[in-house]
Protein chains: 2
Amino acid sequence: MALGKDYVTQECSIARALEVVGERWTLLVVRDAIYGVRRYNDFLVHLGIPRAVLSARLRTLTEEGILEKRRYQESPPRDEYVVTERGAALWPVLRALGHWGREHVDAHRLRLFLHADCGGEVEPYGKCAACGTFVPVADVVMVPGPELDSAPADPVSRALLRPKRLLEPLETEPPQPAY
Amino acid sequence: MALGKDYVTQECSIARALEVVGERWTLLVVRDAIYGVRRYNDFLVHLGIPRAVLSARLRTLTEEGILEKRRYQESPPRDEYVVTERGAALWPVLRALGHWGREHVDAHRLRLFLHADCGGEVEPYGKCAACGTFVPVADVVMVPGPELDSAPADPVSRALLRPKRLLEPLETEPPQPAY
DNA sequence: CACCATGGGTTCGTTGATTGAACCCATGTC
DNA sequence: GACATGGGTTCAATCAACGAACCCATGGTG
């Protein structure tokens, strides 16, 4: 979006935000990053995104300071993309989008978000229904809802079936030895 | 986005929402509609969007029930696009995006949103800072912030300089006779 | 009546982005 | 030595966006 014709004429912080995260796939990459996805291959299989597009999005998100690329092992060199504070600040946007999608597109309750400290459900605009505090993204635990497919095909979706705290790295199953 | 390759594989209400409003320009059209823009030409000059794209977006937003096309005069036939309840429910998404844009892209305070009942400022997640109630979109008054251009070129931007309640139709100046 | 302006579009050639398949490369494992 | 894995790049074909031009019905002006 930042390429070519963009929204620069718009004197508006919504337009400014969309210049950065408004391209196709971008918000889904950020969503996955907040869910704990960090590896190129995990984004790839979970999103079903073309490789070239994923590379482009990871690069611009890194340049924008929304993800941080970091080497987590040498030999063979392996990098991961970790969401920054700036990226995690997009959580309210994603929460609002998800809420709208559930209310106005498709009523299924696919995932639930709970407050780690007290177990209360996180309300659409970020408050805990039980204790009333505003729940920071790092204190949100995501659990599968009743209508989520319980045996998805890809390993990333399977890993996301286990309750997990947002931002924490996702642990995928090690590949099964084929007996 | 709904055309061709889409996000249907994603079992996620965020992806569902983005299938509907994730295309280029779409959220800016909805923003303008919530600001009170209703006429084809007003969208056109305010957004600087190509006509063909605007026509396409208005059509799909109407089909999705986010805008409603209605005839406001016969002879000559004139239609306006009015935001529906479903469209107005996107306000929290836009508010969150605008907040992120202001905090993380560009610090300018371009527009302020006040609670019509008490004059308090509406906080990022929708509560009134003064009286603490959750402010519905129809009770939000938008006023220009200190850093907004006070003499913009296009008549829609000029009309948006006057304080106005969201959702209410925008009144543009009648064309000046050229003496 | 002829002419131009306005609102609300459509058509079309050009440019740019997305897609999916194929390929690449360094390392590690059987 | 052969193959698998992670993390990419390249490329042709397709799709969407852009912007300029055109269209049409009506209304106002000289």
Side-chain angles (χ1 to χ4, degrees), chain A residues 1-9 18-19 22-26 28-29 37-62 67 69-81 154-156 170 172-179, chain B residues 1-9 18-19 22-26 28-29 37-62 67 69-81 154-156 170 172-179:
Chain A
M1 199 89 70
L3 323 166
K5 321 298 171 189
D6 52 27
Y7 300 146
V8 284
T9 51
L18 288 172
E19 276 183 56
E23 278 181 311
R24 191 149 157 63
W25 294 109
T26 299
L28 292 181
V29 171
V37 176
R38 295 187 171 187
R39 313 254 268 258
Y40 186 92
N41 237 32
D42 288 350
F43 285 109
L44 200 66
V45 303
H46 190 232
L47 293 173
I49 182 179
R51 304 176 82 93
V53 178
L54 177 60
S55 297
R57 294 297 181 275
L58 290 174
R59 182 162 6 90
T60 64
L61 284 170
T62 303
L67 300 181
K69 181 174 187 168
R70 74 176 168 224
R71 174 90 18 132
Y72 66 93
Q73 71 173 39
E74 311 283 342
S75 179
R78 291 284 177 267
D79 297 318
E80 60 184 2
Y81 295 88
D154 74 286
V156 177
L170 185 70
T172 50
E173 313 137 33
Q176 300 294 328
Y179 292 103
Chain B
M1 199 90 71
L3 324 167
K5 321 298 172 191
D6 52 28
Y7 300 146
V8 283
T9 52
L18 287 172
E19 275 183 56
E23 278 181 311
R24 190 148 158 64
W25 294 110
T26 299
L28 292 181
V29 172
V37 176
R38 296 186 170 187
R39 313 254 270 257
Y40 187 93
N41 237 32
D42 287 350
F43 286 109
L44 200 66
V45 303
H46 190 230
L47 293 172
I49 183 179
R51 305 174 83 93
V53 178
L54 178 59
S55 297
R57 294 298 179 274
L58 291 174
R59 182 161 8 90
T60 65
L61 284 170
T62 303
L67 300 181
K69 181 174 186 167
R70 76 176 167 225
R71 175 83 26 123
Y72 67 93
Q73 71 174 39
E74 312 282 343
S75 180
R78 291 283 178 267
D79 297 318
E80 60 184 3
Y81 295 88
D154 74 287
V156 177
L170 185 70
T172 49
E173 312 138 32
Q176 300 293 329
Y179 291 103

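Scope of the values below: all heavy atoms of this structure, side chains included, with no hydrogens, waters or symmetry mates. In what follows, chains carry the letters A, B, and so on, assigned in the order in which the sequence lines appear, proteins first and then strands, with residues in each chain numbered from 1.
- With DNA chain C read from its 5' end, the first of the two nearest nucleotides for A/P77 and A/A52 is the one closest to A/A52.
- Distance, B/R57 CZ to C/dG9 C1': 16 Å, rounded to whole Å.
- B/V53 comes within 4.0 angstrom of sugar-phosphate atoms only, judged by non-hydrogen atoms across all strands, and of no base.
- Going from atom NZ of B/K69 over to atom P of C/dG9 covers 4 Å, rounded to whole Å.
- Spacing between atom CG of A/L54 and atom C1' of C/dG20 amounts to 14 Å, rounded to whole angstrom units.
- At whole-Å resolution of the value, CD1 in A/I49 and P in C/dA21 are 15 Å apart.
- Between B/R78 and B/R71, every side-chain heavy-atom pair lies at or beyond the 4.5 Å cut-off.
- Mapping B/S55 and B/R78 onto DNA chain C by nearest heavy atom places B/R78 closer to the 5' end of the strand.
- For the pair B/Y40 OH and C/dT6 C1', the interatomic distance rounds to 13 Å; values are reported in whole Å.
- Backbone-only engagement by A/Y81 is indicated by non-hydrogen atom pairs under 4.0 Å involving sugar-phosphate atoms exclusively.
- The shortest distance between side-chain heavy atoms of B/F43 and B/V29 falls below 4.5 Å.
- Of the listed nucleotides (D/dT10, C/dT10, D/dG8), D/dG8 has the atom at the smallest distance from the side chain of A/R51.
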